Amino acid sequence: MTLSPVTSALLRPLGAALFTTLLLAACQQASSRSAPPAEPIEPPPTTATKSVAMPGLHNVVTYAPDVVCGGVPEGEEGLHTLAAMGIKTIVSVDGATPDVEGAERLGMRYVHLPISYDGITDARQHELAQALASLPGPVYMHCHHGKHRSAAALGSAVVLAGKLTPEQALERMTVSGTAKEYGGLWQAVREAKPLGARELRADPASFPSISKVSGMVATMSEIDLVFDLVRQAEKAGWQPPKDHPDLFAPKETARLALLFTNLQVDADSQKLPADYQGKLQHAIETTQALDAAVQSNDLAKASQLFEHLGKSCKDCHQTYRDNP
Ligand code: HEC
């Protein structure tokens, strides 16, 4: 059947409309892959007495309404969970570089205000409280594991912003699992005092999404990340874990050994005393032996060395990182 010129002229816009509809549907389907899950997720209640794990998030604890603390969002999954919780601002307080673009794709802003383990300076406590008071909420504050630094940073910020008393904030830190040995972190919250409205005011544009950290902090952040991967491999009997099939232990142990060796030429690391250099040398030798054991498939020895390495992280941190 042939259509009269009049009929086909009438049908053409219809065809175009149908095509546009199909195209739109296809685009929506494509974008729904990176969109947050349709179902909103409730953050844990402020009265919870235990931290919770959520998809791609560890150790999640709510400190006050719309103020949540936890571990680093793991990849897309963690960011999607935050978006589904309605989080608008993510504040990172550790030395690792945040995934600013990943967060922005899901409509969230990243702010990076790193702190160390030995305490929080007054200036940083003010900035953290100002971020809480002036940036859109709900806010999610994190460090790597969400236990020590983000708990103290958020604990101090909620007190300075007048949302909780120090006693209430200290109780939330206990739920996050902050270790007693980080005296400077506890002290910051114990001694925190509410600021006035004027002191809390800040230009929302003034907060950095990436802060520059020293070479040593950057290397330690990477060591932490790789150490975590090696731990996962060790737990899985030095095989790729089921939920991490591309984790290849020999690649990560080699990387760990290299990272420690690199510290020896870091200017800040070189300034530290001979006792520290001895501990660093010991860590280098341990990671090299660990790598050799993994490469040669001597897995019992590898597990022993891995445990020993964990102790040398603690041993050096006790003296050179965790106390003022
Ligand atoms: C020889 C000493 C030494 C050893 C061994 C060591 N560290 Fe560190 N680490 C430090 C020091 C010092 C700092 C603080 C650097 C600073 O704040 O300038 C630090 C900082 C860190 C940080 C904080 C980074 C940040 O976000 O601010 C992490 C995480 C870390 N180390 C993980 C590890 C892990 C995991 C191991 C063991 C596999 C380890 N370190 C072994 C000395 C050491």
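For ligands, and for the atoms within them, numbers begin at 1 and follow the listed sequence. What you see is a predicted model; the values in this text were computed from it and never measured.
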task = Quick one: list whatever passes salt bridge (Lys or Arg N to Asp or Glu O under 4.0 Å) with Asp224, sequence neighbours left out.
result = none
ask   = Tell me, which protein residue and heavy-atom name are nearest atom 23 (C) of ligand 1, and how many Å apart are they?
value = Tyr117 CE1, 3.8 Å
task = Taking the side chain as every heavy atom from C-beta outward, state whether His144 and Asp228 have any atom pair closer than 4.5 Å.
result = yes
query = Nearest non-hydrogen atom to atom 27 (O) of ligand 1 belongs to which of His144, Lys311, Arg149?
reply = Arg149
message = Between Glu234 and Arg231, does any side-chain N to carboxylate O distance fall below 4.0 Å?
response = no
Distance from atom 38 (C) of ligand 1 to nearest protein heavy atom, with residue and atom = Cys313 SG, 2.6 Å
ask   = ligand 1 and Gly95, any nitrogen or oxygen pair closer than 3.5 angstrom?
value = yes
message = Counting only nitrogen or oxygen atoms and a 3.5 angstrom limit, does Tyr320 reach ligand 1?
response = no
task = Report the member of Met220, His282, Met216, Gln277 with the shortest heavy-atom distance to atom 43 (C) of ligand 1.
result = Met220
query = Hey, is NE2 on His58 packed in by over 12 heavy atoms from elsewhere, all under 6.0 Å?
reply = no
remark   = In ligand 1, the atoms that come under 4.0 Å of a heavy atom of Ala283 are 5 (C)
query = Is there side-chain contact between Lys279 and Tyr320, with at least one heavy-atom pair below 4.5 Å?
reply = yes
query = Would you say Tyr63 and Gln168 make side-chain contact, with heavy atoms under 4.5 Å?
reply = no
query = With side chains defined as the heavy atoms from C-beta onward, is the minimum distance between Lys147 and Thr178 less than 4.5 Å?
reply = no
query = How close does the nearest protein non-hydrogen atom get to atom 1 (C) of ligand 1, and which residue and atom is it?
reply = Cys316 SG, 2.7 Å
query = How close does the nearest protein non-hydrogen atom get to atom 22 (C) of ligand 1, and which residue and atom is it?
reply = Arg321 NH1, 3.4 Å
inquiry  = Assess, by modelled atom type and distance only, whether the side chains of Gln277 and Gln281 contain a donor and an acceptor separated by less than 3.5 Å.
reply    = no
query = Does His317 bring an N, O or S atom to within less than 2.8 Å of atom 8 (Fe) of ligand 1?
reply = yes
message = To check your reading of the model: name the closest protein heavy atom to atom 35 (C) of ligand 1, its residue, and the distance in Å.
response = Asp224 OD1, 3.6 Å
key: atom 18 (O) of ligand 1: the protein heavy-atom neighbour that sits closest, reported with distance to 0.1 Å   = Val217 CG2, 3.6 Å
note = Out of Ser312, Ser269, Gly278, Ser221, the nearest non-hydrogen contact to atom 24 (C) of ligand 1 is supplied by Ser221
